[in-house]
Amino acid sequence: MAAPDGRVVSRPQRLGQGSGRGPKGRGACLHPLDSLEQKETQEQTPGQLDMLRKAQEFFQTCDAEGKGFIARKDMQRLHKELPLSLEELEDVFDALDADGNGYLTPEEFTAGFSHFFFRQNNPSQEDAGEQVAQRHKEKVYQSRGNEDLGDMGEDEEAQFQMLMDRLGAQKVLEDESDVKQLWLQLKKDEPHLLSNFEDFLTSIFSQLQEAHEEKNELEYALKRKIAAYDEEIQHLYEEMEQQIKSEKEQFLLKDTERFQARSQELEQKLLCKEQELEQLTQKQKRLEGQCTALHHDKHETKAENTKLKLTNQELARELERTSWELQDAQQQLESLQQEACKLHQEKEMEVYRVTESLQREKAGLLKQLDFLRERNKHLRDERDICFQKNKAAKANTAASRASWKKRSGSVIGKYVDGRGILRSQSEEEEEVFSIPRRSSLGLSGYPLTEEEPGTGEPGPGGPYPRPLRRIISIEEDPLPQLLDGGFEQPLSKCPEEEEVSDQGAQGQIQEAPPLKLTPTSPRGQPVGKEAVCKEESSPSAPDRLFKIVFVGNSAVGKTSFLRRFCEDRFSPGMAATVGIDYRVKTVNVDDSQVALQLWDTAGQERYRCITQQFFRKADGVIVMYDLTDKQSFLSVRRWLSSVEEAVGDRVPVLLLGNKLDNEKEREVPRGLGEQLAKDNNLIFYECSAYSGHNTKESLLHLARFLKEQEDTVREDTIQVGHPAKKKSCCG
Ligand SMILES: Nc1nc2c(ncn2[C@@H]2O[C@H](COP(=O)(O)OP(=O)(O)OP(=O)(O)O)[C@@H](O)[C@H]2O)c(=O)[nH]1
Ligand SMILES: [Ca+2]
Ligand SMILES: [Mg+2]
């Protein structure tokens with residue numbers, strides 16, 4: 001066990017064990033006092049021995065717990081043993097604590113006492129424990145006294161022994177010499193005090209006895225305590241050892257576990273590191289490979305680069321050369337295109353001329369055929385006439401009062417009776433030649449004596465009656481005389497030319513002055529009304545020819561519009577068109593003459609099948625509605641779809657909202673017309689045949705559109721056709 005100052009002091013032996021007084025246990029560890037005891041038995045005088053024993057007793061008294069050292073507070077336990085105050089005990093402690101560490105070891109304790117003992121032998125020394133030493137001396141002295149009293153009497157001895165026995169001093173006192181000496185002294189000097197002394201001794205001995213018993217009890221209890229304490233310590237010690245062992249085992253276990261875990265972890269880390277190292281080496285190899293490949297590629301690309309530069313230079317030279325060639329070729333192309341254009345135009349003209357001459361021949365032949373037929377009929381008629389003349393003279397008188405013949409509509413008007421029913425040609429001709437006409441209807445079936453709106457004067461058409469004429473079809477009367485410049489005199493007069501004037505009532509057929517202005521077809525029939533705008537008229541053949549069909553509900557103003565456009569006049573109260581009517585007008589569009597064949601169709605439902613046929617060859621279509629008549633606008637979609645059916649969507653369409661002058665009766669807002677035109681990609685105008693607003697602009701717009709469309713088509717054909725030609729002419 002370690003002393004407080006850190007020195008190792010062996011464990012205190014139990015009292016009675018190893019101490020000078022008790023039997024020494026075999027193998028018990030030596031207590032410090034034991035060593036002193038051993039010393040005692042070696043070189044000490046009896047006096048010193050005695051002193052040593054005393055010292056041992058005092059030490060044990062102080063070190064009751066058997067710590068093996070005495071602290072300052074243990075010293076106070078000597079207060080009972082020694083007649084010293086606490087302060088003196090403190091001084092004694094300080095005097096004995098040789099190394100001043102606050103604890104007295106057995107050596108320091110006994111050394112201090114031997115010091116005192118030594119002082120006894122050398123009174124000259126002045127020190128703190130002088131009194132102790134003095135008392136000690138007295139004691140030593142007294143103990144010496146025993147030796148002096150050795151010769152006391154036997155009976156006194158016996159008396160003393162009896163006294164001792166009576167007091168039971170053997171149990172309490174170990175050494176009776178002091179008491180014996182004192183007793184003898186008293187007996188000798190103060191015999192009267194002997195009884196007191198004996199009483200005193202009795203009480204002391206009984207107290208000592210009690211104390212001894214108490215001490216024994218205490219010792220016993222102490223022993224028991226110590227035993228229990230030892231046991232407990234032993235137990236604790238064993239437990240502690242167990243705990244330490246288990247702790248150690250656990251620790252070792254944990255340690256091993258941790259160590260194992262750590263080693264596994266480290267192994268795993270090592271494995272990971274190895275894998276990473278593996279990967280890195282592979283990556284490094286790959287990168288080295290790529291690096292060499294790139295290096296190699298770099299050389300190759302360098303070589304390619306130089307080659308490419310060379311080829312680039314060659315290509316640049318080549319490009320330059322080809323660009324020069326291209327320029328030359330383009331110039332040649334332009335010149336060739338111009339030549340081609342000229343050739344094409346010549347060819348077209350040639351084609352026109354050829355078709356013209358062919359048609360002329362055909363017309364001539366037809367004319368001759370007609371003429372012969374006419375002649376034949378004429379001859380037959382004459383014969384019939386002679387035969388019927390007598391009859392007719394009678395009937396005439398009655399019929400001369402018959403009413404006017406109703407307007408029979410347009411150019412085929414003479415084939416339709418008042419009820420609008422088509423009659424066969426022969427029937428008609430009978431009537432024509434048999435019944436002089438009441439009034440002559442113009443080509444368009446209108447009475448020829450029109451008036452300018454609001455003037456009442458005959459219009460420019462002149463008061464001359466005009467013969468009715470027949471149109472075979474849109475293809476067969478392409479206005480040949482218009483195309484080869486100037487108006488050709490009719491090749492021959494057909495009998496129909498004889499005009500039936502108003503005076504026809506007498507049935508005479510009077511010669512109508514030849515038409516001056518109206519051009520006639522080879523058959524000698526005026527084909528369509530030819531009205532040439534003064535300002536736009538030009539003697540040269542028109543450059544272009546477009547066929548335009550005019551459709552729309554009845555009474556929207558188609559015929560009035562065309563009349564306004566062609567003759568620049570408006571006739572109110574127009575009769576409905578019957579079947580189809582047509583006019584020609586040449587306009588100047590962008591410095592080129594464009595002939596417009598305007599086909600005026602009848603809006604009435606019953607002529608629908610006739611008008612449908614005319615859509616087929618149209619170059620352009622005009623759809624008209626009356627902006628004061630909502631129904632006519634709603635029918636526009638139907639007109640558009642029937643045009644689409646006939647000609648598809650390749651033909652440009654002009655949408656016209658007529659009767660703009662009638663703003664107060666408007667039923668169709670302008671926006672609706674614009675929206676419809678936008679949705680169907682139409683050209684749109686609002687116009688008025690009455691005031692002439694937008695009549696020219698709208699048609700000129702359409703004519704320009706048709707001309708541009710034809711130009712693009714021509715260019716495409718030239719480009720498509722010419723390369724082949726170019727090869728031949730350049731070849
Ligand atoms: N206020 C006004 N009336 C017009 C206008 N155009 C035509 N009219 C009148 O509308 C009526 C019909 O005119 P038309 O030109 O015969 O109509 P349409 O389209 O030829 O009729 P159908 O031949 O039956 O198809 C006539 O009484 C014209 O006077 C116009 O711009 N303003
Ligand atoms: Ca000390
Ligand atoms: Mg009409």
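Start at 1 and go down the list; that is how both ligands and their atoms are numbered. This chain uses plain numbering: 1 for the first residue, then up along the sequence.
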Counting from 1, what ligand 1 atoms have a heavy atom of [X] closer than 4.0 Å?
X	answer
N662	1 (N)
T559	15 (O), 20 (O), 23 (O)
D661	1 (N), 2 (C), 30 (C), 31 (O), 32 (N)
A576	23 (O), 24 (O)
A689	6 (N), 30 (C), 31 (O)
P572	29 (O)
N658	5 (C), 6 (N), 31 (O)
V556	17 (O), 19 (O)

For a distance under 2.8 Å, tell me if T577 has an N/O/S atom near the Mg ion (ligand 3).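 So T577 counts as coordinating the Mg ion (ligand 3), yes.
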Heteroatom test (N, O or S) for T559 near the Mg ion (ligand 3), limit 2.8 Å: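 It does; at least one qualifying atom falls short of 2.8 Å.
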Just by distance, with hydrogens left out, do S635 and N553 show a side-chain donor and acceptor under 3.5 Å apart?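 Their side chains do contain a donor-acceptor pair, which is all the 3.5 Å distance test asks for.
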Pick from S688, S560, A602, S554: the one approaching atom 13 (O) of ligand 1 most closely through a non-hydrogen atom: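 It is S560 that holds the nearest heavy atom.
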Side chain to side chain contact (heavy atoms under 4.5 Å, CB included) involving Q604 - partner list, sequence neighbours excluded: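 With sequence neighbours excluded, Q604 shows a side chain to side chain contact (heavy atoms under 4.5 Å, CB included) to S554, A576, R606, Y607, given in chain and number order.
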Who pairs with T601 by side chain to side chain contact (heavy atoms under 4.5 Å, CB included), at least two apart in sequence or on another chain?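 If we apply the side chain to side chain contact (heavy atoms under 4.5 Å, CB included) test to T601, skipping adjacent residues, the hits are V549, V551, K558, I580, T611.
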Could you tell me whether the side chain of V623 reaches within less than 4.5 Å of the side chain of L655, counting heavy atoms only?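 Yes. Closest side-chain heavy atoms under 4.5 Å.
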Do E339 and K342 touch side chain to side chain, with heavy atoms closer than 4.5 Å?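 E339 does not reach K342 side chain to side chain.
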Region of F570 engaging ligand 1 - heavy atom pairs below 4.0 Å: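 Only the side chain of F570 comes within reach of ligand 1.
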Can you spot which of D590, D711, D591 makes a salt bridge (Lys or Arg N to Asp or Glu O under 4.0 Å) with R704?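 Option passing the salt bridge (Lys or Arg N to Asp or Glu O under 4.0 Å) with R704: D590.
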For the residue pair F684 and Y625, categorise the inter-ring angle as parallel (less than 30°), tilted (30 to 60°) or perpendicular (more than 60°).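 Geometry flag for Y625 against F684: parallel rings.
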